[in-house]
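Written below as structure tokens is the structure these notes are about.
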2 protein chains.
Amino acid sequence: MKKMTIAEVASAAGVSKATISRFLNGNYGKMSADTQERIRQTIQRLNYRPNKQAQMLKTNRSGLIGFIVADMGNLYSSKLLSGASAVARENDYQLVIMESNNSLVSEEDALKKFVDQSVEGILIQPISEDSSRYESVGKRCPMVLVDRQTTPKTWPAVIVDNALSTKYLAEYIVKKGYSKIAIFSESLTTDVRRKRYAGMREVAKEHSLESELVEVGNLQLTNTYSDMKKRVSELVSEDEKIAIFASNSQTLLMVLRILDDLRIKIPDEVGVSGYDDWNWAFLAQPAITSIEQNASDVGAEAMRMLLADIDPLRESVKETKVIPSKINIRESI
Amino acid sequence: MKKMTIAEVASAAGVSKATISRFLNGNYGKMSADTQERIRQTIQRLNYRPNKQAQMLKTNRSGLIGFIVADMGNLYSSKLLSGASAVARENDYQLVIMESNNSLVSEEDALKKFVDQSVEGILIQPISEDSSRYESVGKRCPMVLVDRQTTPKTWPAVIVDNALSTKYLAEYIVKKGYSKIAIFSESLTTDVRRKRYAGMREVAKEHSLESELVEVGNLQLTNTYSDMKKRVSELVSEDEKIAIFASNSQTLLMVLRILDDLRIKIPDEVGVSGYDDWNWAFLAQPAITSIEQNASDVGAEAMRMLLADIDPLRESVKETKVIPSKINIRESI
DNA sequence: TTGTACGCGTTATCAA
DNA sequence: TTGATAACGCGTACAA
């Protein structure tokens with residue numbers, strides 16, 4: 001079952017290669033219905049499929065989109081992929097992926113490989129915050145940043161809102177009559193953590209609520225647990241109506257375990273909310289009011305922007321698009 | 001900054017295309033050190049990169065591996081990808097991914113697209129259990145099944161051990177002196193669930209331990225929680241030393257919440273263990289003894305088998321390879 | 001309405 | 001030790 005070529009099909013159908021090619025590309029402007037039919041049947045009969053490599057060489061199109069993901073080992077990134085993949089498929093592009101493993105050299109290598117492959121566009125979850133790192137590639141082929149924006153904002157990007165949704169949740173907490181918000185977060189070393197913290201804090205201030213940052217240590221260390229436990233019990237013994245906000249899934253899980261451990265009732269004694277990066281918060285008892293990032297929408301939208309950028313017909317909008325997060329109002333606050 | 005071609009490099013270096021090509025492919029058998037150096041410098045200076053499409057057309061190699069993953073929206077699948085991706089990269093292959101979304105037509109479409117792209121090999125997490133579905137493709141290009149074996153065992157596959165590791169954990173439970181094992185599982189409709197259940201049950205029988213299947217309903221329904229809660233409290237009131245085994249992450253999480261809810265001490269009043277598909281069980285208090293599947297190893301090993309299958313030099317072993325799971329012995333049992 | 005002939009950028013064979 | 005040159009499979013002016 002060796003590979004058919006256009007020439008064989010042509011001679012089998014009794015026409016020339018050109019006619020077959022025209023047929024394949026839908027250029028049957030002035031092709032007799034008769035030949036069309038004959039070609040269709042021959043192709044079917046011989047089970048012929050055009051050779052993409054040759055087509056690519058000729059047309060200088062690869063049909064490939066490259067996606068560099070920072071770390072595939074978490075649900076968030078894989079949902080980015082999933083969203084992007086679906087849109088790529090709808091538009092008949094193939095998605096090629098590489099992992100940068102949060103390493104700059106690995107990222108650079110991946111970019112080079114993509115350029116070599118002559119992908120038609122690149123989606124990247126950038127490691128660096130420095131826009132200039134991506135210049136050489138970004139000028140050579142369309143590129144959209146995913147999940148993170150770099151400075152200055154040279155490149156189009158699709159990101160998740162961290163400040164906005166946090167604020168929205170904060171407003172909700174205020175409305176519920178809490179008098180203090182305790183923000184549990186790992187050390188504020190990343191932009192994401194800072195934004196989540198800032199959003200919560202800002203709204204608290206606006207409504208003159210007290211807010212407190214509880215910085216949690218390395219979650220894998222055992223003494224982190226006891227430290228947190230101590231802080232939590234101090235907190236709830238205060239004479240305030242307290243709402244806890246955990247700024248990621250792991251921290252949230254930890255907080256819940258501690259509250260159970262201390263036999264503290266949610267939401268009677270303390271309100272609980274947080275970011276649910278893994279989509280499990282609905283399983284808790286009571287179900288946790290949480291912010292859920294729509295990673296697959298981010299991936300999908302980024303791919304749409306990229307495709308618009310590739311398509312010479314469509315006007316490409318080079319902007320930073322923010323995808324709203326979902327706020328799941330449940331029983332815990 | 002338009003694309004250089006080999007011809008331009010050749011004339012710039014004052015040699016012929018052939019010599020450049022030889023240089024590029026490392027065939028400097030009888031090339032003067034002088035020309036080698038001159039070519040090296042010219043390539044560098046012009047920043048020349050060979051056109052992969054042309055190379056592919058000529059050599060009939062695409063350098064592409066296709067991976068069809070059933071559903072990218074879960075951690076397990078994304079780790080499969082991650083493992084496969086790393087190995088592909090080491091061997092200078094590009095990974096193209098498509099999602100079958102657990103749909104047979106979608107899977108078939110993806111397979112077709114891969115064949116059209118002339119990928120050199122296919123990794124697939126098959127939807128169907130029927131081997132014959134994959135015949136037409138599997139005969140045309142190397143293929144390795146990932147995560148699932150089909151019947152009859154026509155294709156090489158890399159799967160995770162569900163029976164073995166469960167048995168191993170069961171032995172451990174026996175050794176710890178428990179007198180009864182309660183197996184919490186969703187309805188035994190999949191092979192995976194059946195194997196996990198069977199492994200546990202078999203060992204229990206061997207040691208004449210009592211074992212009981214507690215079938216849990218849809219985890220998203222609220223009454224599932226109360227039903228489970230009832231079953232759990234009945235269980236612990238029995239006059240036995242009971243170990244609970246939850247056959248997946250969600251069930252395990254549910255069991256933990258219930259035990260907390262009922263103020264039942266782990267492991268004093270009841271032992272707890274289970275499958276930890278999301279790698280969070282270490283966060284619980286006490287940390288949970290659990291089975292952790294090494295999905296990224298599965299992906300990596302599958303890719304290795306596939307590459308061996310592609311490489312005409314290496315002998316390809318068409319077998320079903322089972323990757324052992326990790327058993328994390330912690331405090332909960 | 002269809003066919004001829006050339007070129008896309010490589011690799012590889014043969015000759016020098 | 002290197003250079004001409006013919007493919008690889010397809011698309012497309014241009015000619016018919």
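Because the structure is predicted, anything quoted here is derived from the model rather than measured. Residue numbers begin at 1 in each chain, while the letters A, B, ... track the order of the sequences.
A straight line from CG of B:Leu57 to P of D:dA7 spans 14 Å, rounded to a whole angstrom. One interatomic measurement links the two molecules: CD of B:Glu8 to P of C:dC8, which rounds to 11 Å at whole-angstrom precision. When rounded to the nearest whole Å, the span between NZ of B:Lys52 and C1' of C:dC8 equals 18 Å. One can place CZ of A:Arg61 at 15 Å from C1' of D:dC10, the figure rounded to the nearest angstrom. Between the P atom of D:dG11 and the CD atom of A:Gln53 lies a distance of 13 Å, rounded to the nearest Å. Computed from coordinates, the A:Ile43 CD1 to D:dC10 C1' distance equals 13 Å when rounded to whole Å. Remark: C1' of D:dT2 and CZ of B:Arg38 are 11 Å apart, rounded to the nearest angstrom.
A:Glu37 CD: more than 12 foreign heavy atoms inside a 6.0 Å radius.
If you check the side chains of B:Thr35 and B:Ser32, you find a donor sitting under 3.5 Å from an acceptor. Residues A:Gln149 and A:Thr320 bring a donor and an acceptor atom of their side chains to less than 3.5 Å of each other. Between the side chains of A:Tyr76 and A:Gln125, no donor N or O sits under 3.5 Å from an acceptor N or O. A donor-acceptor contact closer than 3.5 angstrom is absent between the side chains of A:Ser62 and B:Gln53. With 3.5 Å as the limit, one finds no donor-acceptor pair spanning the side chains of A:Ser128 and A:Asp130.
Salt bridge annotation for B:Arg49-A:Asp116: present, with a cationic side-chain nitrogen under 4.0 angstrom from a carboxylate oxygen.
Contacts of A:Asp297 classified as side-chain hydrogen bond (donor to acceptor under 3.5 Å, both in side chains), with partners at least two apart in sequence or in another chain: A:Asn294.
One axis for each end of the helix from C:dT1-D:dA16 to C:dA16-D:dT1, each built from five base pairs, and the angle between them comes to 40° at 10° resolution.
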Revision key, fill the gap. Reading nucleotides 10-16 of chain C from 5' to 3' and marking B where a protein heavy atom lies under 4.0 Å of the base, S where only the sugar-phosphate is that close, and - otherwise, the string is BBB----
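Residue B:Thr19 places none of its side-chain N or O atoms closer than 4.0 Å to OP1 or OP2 of D:dT1. For the OP1/OP2 pair of C:dT1 and a distance below 4.0 Å, the side-chain nitrogens and oxygens of A:Thr35 include no atom meeting the criterion.
Separating the CG atom in B:Asp109 from the OG atom in B:Ser100 is a distance of 11.0 Å, to the nearest 0.5 Å.
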